[in-house]
Amino acid sequence: FDKQTLLLAAGDFSSGHFNEMTIGWGSIGTMWNKPFVEVVVRPTRFTYEFMETYEDFTVSAFPSEYKRALSYLGTRSGRDGNKLAETDLTAIASQRVKSPSFEQAELTIECRTIYSTDFDPTEFIDPTIERNYPKKDYHRVYYGEIVGIFGTEKFVNR
């Protein structure tokens, strides 16, 4: 998450009902003896509705030449139209989840949502965290069990 911008997608690729947004915060690890990806989404984001409705999501990384597309997807809302159509990215079916993957991705992590909860500002121990929420639109955190990881040779263990 600290090396490059990632794309979060949730919904149902086969029906065309999905949305995507760029993300910069999250983590990868092990919880409850399961490999997971943790992402956060503000309730004001259109993608929030898809994360709440569907049972899975994908997180994808792209080569640097797609930085402009990722920036666009992070600054526009899917409520206003098909923002993906305004980029050079192509949604494709994932291998193990209903949410889309992307043809141009060099890494895709497919996840099944296993837990979510809202951030509670009364529990922030570090008071500087509050600076991230001038509108009081606290994130919901989602844990997704990793059910598949697919990537180019750049991501293959050697």
Side-chain angles (χ1 to χ4, degrees), residues 1-28 36-119 121 129-155:
F1 282 86
D2 64 338
K3 301 289 184 208
Q4 67 188 98
T5 303
L6 302 171
L7 190 66
L8 168 67
D12 180 15
F13 173 75
S14 64
S15 70
H17 190 245
F18 60 87
N19 195 63
E20 61 288 318
M21 64 178 260
T22 55
I23 57 174
W25 293 353
S27 62
I28 299 172
F36 79 89
V37 171
E38 173 254 336
V39 296
V40 293
V41 181
R42 294 178 195 264
T44 52
R45 296 299 300 256
F46 189 48
T47 303
Y48 178 87
E49 297 171 28
F50 293 84
M51 294 293 288
E52 289 296 298
T53 302
Y54 294 96
E55 63 186 22
D56 57 54
F57 61 89
T58 61
V59 175
S60 301
F62 296 82
S64 60
E65 63 258 30
Y66 295 101
K67 187 174 183 175
R68 173 180 265 167
L70 295 173
S71 176
Y72 183 84
L73 294 172
T75 58
R76 302 297 191 284
S77 175
R79 286 186 188 99
D80 301 329
N82 183 354
K83 63 183 182 176
L84 187 62
E86 301 299 318
T87 72
D88 52 354
L89 299 181
T90 306
I92 59 173
S94 293
Q95 296 188 40
R96 298 190 178 150
V97 299
K98 292 181 180 181
S99 294
S101 293
F102 297 88
E103 185 176 296
Q104 297 82 1
E106 59 186 4
L107 176 70
T108 300
I109 305 172
E110 298 182 7
C111 301
R112 178 180 64 87
T113 305
I114 56 173
Y115 178 77
S116 69
T117 193
D118 295 326
F119 282 163
I129 295 171
E130 187 67 41
R131 293 182 201 153
N132 293 286
Y133 300 98
K135 297 179 181 178
K136 307 297 183 202
D137 56 342
Y138 303 101
H139 288 98
R140 177 162 287 177
V141 60
Y142 297 89
Y143 282 73
E145 177 184 9
I146 297 171
V147 297
I149 301 176
F150 307 95
T152 64
E153 61 279 351
K154 177 179 176 179
F155 290 94

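Computed from a prediction, not measured in an experiment: that's the story for all the values here. Scope of the values below: all heavy atoms of this structure, side chains included, with no hydrogens, waters or symmetry mates.
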>> Using a 3.5 Å distance criterion without hydrogens, assess whether the side chain of Arg42 forms a donor-acceptor pair with backbone atoms of Asp137.
In response: yes
> Just wondering, do Met21 and Leu73 contact through their side chains at under 4.5 Å, heavy atoms?
Replying inline: no
>> Please check: side-chain N/O of Ser99 versus main-chain N/O of Gly11, any donor-acceptor pairing under 3.5 Å?
In response: yes
> Can you find a heavy atom in the side chain of Asp12 that is under 4.5 Å from one in the side chain of Thr53?
Replying inline: no
> When Cys111 is tested against each of Val97, Ile149, Ile146 for side chain to side chain contact (heavy atoms under 4.5 Å, CB included), which residue passes?
Replying inline: Ile146
> Any ion pair linking Glu86 and Arg76 (charged N to carboxylate O, less than 4.0 Å)?
Replying inline: no
> How many angstroms lie between OH in Tyr72 and CG in Leu84, if you round to the nearest 0.5 Å?
Replying inline: 10.0 Å
> Yes or no on salt bridge (Lys or Arg N to Asp or Glu O under 4.0 Å) for Lys98 and Glu110, after CA distance, side-chain angles and deciding distance?
Replying inline: CA-CA 9 Å; Lys98 292 181 180 181; Glu110 298 182 7; over 6 Å; no
>> Ignoring hydrogens and geometry beyond distance, is a side-chain donor-acceptor pair present between Thr90 and Gln104 at under 3.5 Å?
In response: yes
>> Quick check for you: to the nearest 0.5 Å, what is the distance between Ile109 atom CD1 and Ser94 atom OG?
In response: 12.0 Å
> Would you say Thr113 and Tyr54 make side-chain contact, with heavy atoms under 4.5 Å?
Replying inline: no
> Below 4.5 Å, heavy atoms only, C-beta onward: do Trp25 and Glu38 meet side chain to side chain?
Replying inline: no
> What's the spacing between Leu6 CG and Leu8 CG if we round to 0.5 Å?
Replying inline: 9.5 Å
Let me check something: any side-chain donor-acceptor pairs from residues 58-71 under 3.5 Å, sequence neighbours excluded? List them with distances.
residue : atom : partner : partner atom : Å
Thr58   : OG1  : Pro100  : O            : 2.6
Ser60   : OG   : Thr108  : OG1          : 3.3

>> Ring-plane angle category for Phe36 and Tyr143, please: parallel below 30°, perpendicular beyond 60°, tilted otherwise.
In response: tilted
>> Could you tell me if the side chain of Leu7 sits less than 4.5 Å from the side chain of Ile23, heavy atoms only?
In response: no
>> Among residues at least two apart in sequence or on other chains, which ones pass ring pair (Phe, Tyr, Trp, His ring centres under 6.0 Å) with Tyr142?
In response: none
>> Less than 4.5 Å apart, side chain to side chain, heavy atoms only: is that true for Val39 and Phe57?
In response: yes
> Between Phe50 and His17, how do the two ring planes meet: parallel, tilted or perpendicular, split at 30° and 60°?
Replying inline: tilted
> If you measure from CE on Met51 to CZ on Arg45, what distance do you get to the nearest 0.5 Å?
Replying inline: 12.0 Å
>> Testing the basics here: between Phe119 and Tyr138, what is the closest heavy-atom pair and its distance to 0.1 Å?
In response: O-CB, 3.8 Å
> Do Glu145 and Ile114 have side chains that get closer than 4.5 Å, going by heavy atoms?
Replying inline: yes
> Do Thr152 and Glu106 get their side chains close enough for a donor-acceptor pair, meaning under 3.5 Å?
Replying inline: no
> With a 3.5 Å cut-off and no angle check, do the side chains of Tyr48 and Arg140 form a donor-acceptor pair?
Replying inline: yes
> Is the closest side-chain heavy-atom distance between Val147 and Asp56 below 4.5 Å?
Replying inline: no
> Do the side chain of Lys83 and the main chain of Glu20 share a donor and acceptor less than 3.5 angstrom apart?
Replying inline: yes
> Looking only at heavy atoms, what is the nearest atom pair of Phe46 and Ser77, with distance?
Replying inline: CB-OG, 3.9 Å
